[in-house]
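Notes to accompany the following structure.
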Amino acid sequence: MVPTIANDQLLSVYKVQPNIVMESKEIYTVLKLAKHNLGLTFVPESIHIKECPSEYNIYPISVEKMSLDYFIAHHGEKKLNSVDHDLIHTFLNHGQQCAI
């Protein structure tokens, strides 16, 4: 499996405790291993996979199930400069604009 926050979050949502014996940052390596019955992996849609139902299965996962919550954090004693404030303001306002 490729270690990512999204994978960890998805497993957590469904309360799955995987038996991970190998992780790799090489998506094509884990994809080939899974195709050859040597495990299971999550693959981003941006990686083209030729469908071949007689050899392996591909199951799409809806974007809603892969959503993550992000937080902006800083040390309590850090004095924020104008760039820091602008960054926080931009992210907070962007989320509000998208909800409209």
Side-chain angles (χ1 to χ4, degrees):
M1 180 183 329
V2 177
T4 67
I5 294 171
N7 291 345
D8 292 344
Q9 192 262 348
L10 185 63
L11 293 170
S12 175
V13 164
Y14 288 99
K15 301 191 181 359
V16 173
Q17 291 293 326
N19 179 18
I20 299 173
V21 294
M22 183 183 125
E23 289 186 333
S24 173
K25 291 184 180 183
E26 297 295 327
I27 187 66
Y28 294 103
T29 299
V30 295
L31 178 57
K32 268 203 168 176
L33 289 168
K35 282 182 174 182
H36 287 92
N37 200 26
L38 296 172
L40 178 140
T41 192
F42 296 103
V43 181
E45 260 187 321
S46 60
I47 304 295
H48 176 72
I49 302 172
K50 180 181 172 190
E51 292 189 33
C52 190
S54 65
E55 293 184 31
Y56 49 85
N57 298 305
I58 300 171
Y59 301 101
I61 301 171
S62 71
V63 174
E64 293 80 30
K65 303 226 186 292
M66 297 296 292
S67 68
L68 296 174
D69 294 324
Y70 290 91
F71 300 91
I72 298 173
H74 61 84
H75 192 275
E77 296 178 14
K78 176 180 171 68
K79 183 173 169 82
L80 300 178
N81 61 32
S82 63
V83 174
D84 297 330
H85 282 288
D86 287 347
L87 174 73
I88 292 169
H89 178 75
T90 299
F91 275 91
L92 293 176
N93 286 334
H94 177 72
Q96 292 173 353
Q97 290 171 354
C98 290
I100 295 174

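Everything numeric here is computed off the predicted structure, so don't read it as measured data. Positions are given from 1 along the sequence.
Heavy-atom neighbours of Asn37 CG from other residues, nucleotides or ligands within 6.0 Å: at or below the threshold of 12. His85 NE2: more than 12 foreign heavy atoms inside a 6.0 Å radius.
For the atom pair CG (Asn57) and SG (Cys52), the distance works out to 10.0 Å, reported to the nearest 0.5 Å. Note that the CD1 atom of Ile58 and the NZ atom of Lys35 stand 7.0 Å from one another [nearest 0.5 Å]. Here CD of Glu23 is found 13.5 Å from OG1 of Thr29. Values are rounded to the nearest 0.5 Å. Atom NE2 of His48 and atom CG of Leu31 lie 11.0 Å apart (nearest 0.5 Å).
With hydrogens and angles ignored, the 3.5 Å screen pairs a side-chain donor or acceptor of His36 with a backbone N or O of Lys32. A distance-only check finds no donor-acceptor pair linking the side chain of Thr41 to the backbone of Val43 [under 3.5 Å]. Of the possible donor and acceptor atoms, one in the side chain of His75 sits under 3.5 Å from a partner among the backbone N and O of Glu77.
Under the 4.5 Å side-chain heavy-atom criterion for Ile, Leu, Val, Met, Phe, Trp and Tyr, Leu92 and Val83 are members of distinct hydrophobic clusters.
For the residue pair Asp84 and Lys79, the shortest heavy atom distance occurs at OD2-O, 4.4 Å.
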Next on the checklist: Would Leu33 and Met22 count as a side chain to side chain contact (heavy atoms under 4.5 Å, CB included) here? Give the steps.
Outcome noted: CA-CA 11 Å; Leu33 289 168; Met22 183 183 125; 3.4 Å; yes
Next on the checklist: Walk me through whether Phe42 and Val30 qualify under side chain to side chain contact (heavy atoms under 4.5 Å, CB included).
Outcome noted: CA-CA 9 Å; Phe42 296 103; Val30 295; over 6 Å; no
